[in-house]
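So that the names make sense, note that chain A is the first sequence line, chain B the second, and so on, each numbered from 1.
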There are 2 protein chains.
Amino acid sequence: MGILSKPIKSLDDLFVHTLGDVYYAEQQITKALPKMIGKVTDPQLKQAFERHLDETRNQIKRAEQVFKMHGKEAKAVKCPAIDGIIDEAEEIMSDASDHEVLDAAALASAQAVEHYEITRYGTLVAWAQQLGRNDCAEVLRQTLEEEKATDLKLTAIAEARVNRVAV
Amino acid sequence: MGILSKPIKSLDDLFVHTLGDVYYAEQQITKALPKMIGKVTDPQLKQAFERHLDETRNQIKRAEQVFKMHGKEAKAVKCPAIDGIIDEAEEIMSDASDHEVLDAAALASAQAVEHYEITRYGTLVAWAQQLGRNDCAEVLRQTLEEEKATDLKLTAIAEARVNRVAV
């Protein structure tokens with residue numbers, strides 16, 4: 001949000017605002033992921049990030065599609081939450097001096113990003129339904145399911161790392 | 001993190017750093033929740049926030065217990081992620097001019113906070129196990145389960161709102 005943004009008078013305004021928020025978030029993620037891909041060493045993690053970068057580019061198109069279906073111009077809304085999550089990821093990765101530690105930090109950061117997206121898309125699906133826009137809800141649900149699947153893949157990688165050390 | 005923080009050389013450093021992160025996050029949440037309780041009108045939501053405020057105070061004590069078990073001084077680490085999530089919640093709530101819209105925004109913001117905590121505690125449990133500290137993992141898992149239960153309660157309230165409008 002911020003002082004230049006439109007006042008939020010209705011659920012429709014809130015929906016469009018939050019769609020702009022995830023649209024911004026996805027754009028920031030496409031900038032952050034290549035840096036993370038360049039830094040991590042675990043091949044499974046690198047591959048998961050590469051796959052998610054492709055998905056994210058497609059999710060940006062899907063957000064644009066929902067803006068269009070809803071008769072609004074696609075407009076990113078700068079929001080502090082995703083900026084904070086990404087700043088924290090970059091800080092912690094730059095402070096990690098060992099590649100195993102860096103991979104663990106990158107994995108945790110990616111899961112924080114996924115959870116942010118899961119909560120926002122979950123909210124958007126609910127609000128689209130509440131507004132009677134099941135068509136928009138359906139498109140947003142595709143992204144929500146992709147984000148959940150990515151989180152599950154990252155959790156499986158994290159669990160494999162725990163077991164590898166525990167053996 | 002930040003320029004004054006300790007360099008992260010090992011998974012143990014990363015664990016202690018992230019424990020400091022959630023310790024800071026819980027403290028910020030105890031400051032933010034009373035403001036949200038004062039603003040929302042939905043009685044179910046107000047009650048859920050009040051219950052979670054009590055839980056959060058207990059989670060702070062649990063984080064202190066884990067620091068102690070791990071032989072470290074309890075120290076909050078200022079991190080941009082929770083600050084960003086809370087700033088965004090406060091901004092969007094101050095821009096909402098209708099009480100129904102404000103409640104919807106508050107609910108969505110609380111779910112974003114919960115998801116942030118779920119991902120961080122999930123990571124901390126995994127790292128505690130990886131470090132062979134199942135005792136710490138057990139205490140952290142109690143908080144993780146509480147956060148998941150709170151998120152489910154908030155989701156149920158969100159779904160009831162969707163159905164109420166859809167009827």
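- Side-chain heavy atoms closer than 4.5 Å link hydrophobic residues (I, L, V, M, F, W, Y) into clusters, and following such links, even through other members, never connects A:I118 to B:L152.
- In this structure, OG1 in A:T119 is found 14.0 Å from OH in B:Y116, a value given to the nearest 0.5 Å.
- Rounding to the nearest 0.5 Å gives a distance of 13.0 Å between CD of B:Q111 and NE2 of A:H115.
- By number of non-hydrogen pairs under 4.5 angstrom with chain A, the leading residue of B:A81, B:S10, B:G122 is B:A81.
- Atom CG of residue B:D103 and atom CG of residue A:L11 lie 11.5 Å apart, to the nearest 0.5 angstrom.
- Of all the heavy atoms in A:R120 and B:A108, the pair that sits closest is NH1-O, 3.8 Å.
- For B:L102, no part sits under 4.5 Å from any heavy atom of chain A, backbone or side chain.
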Dump the intermediate steps for side chain to side chain contact (heavy atoms under 4.5 Å, CB included) on A:H17 and B:D95, then the final yes or no. CA-CA 11 Å; A:H17 168 87; B:D95 286 346; over 6 Å; no
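- Note: B:E100 CD to A:Q130 CD = 8.0 Å, rounded to the nearest 0.5 Å.
- Distance SG/A:C79 to CD1/B:I85: 11.5 Å, rounded to 0.5 Å.
- Interface residue B:L14: only side-chain heavy atoms are found under 4.5 Å from chain A.
- Chain A forms more heavy-atom pairs under 4.5 Å with one residue of B:A112, B:A89, B:A105 than with any other, namely B:A112.
- Interface residue A:D21: only side-chain heavy atoms are found under 4.5 Å from chain B.
- A:D83 contributes atom CG, which lies 12.5 Å from atom CG of B:D83 (distance to the nearest 0.5 angstrom).
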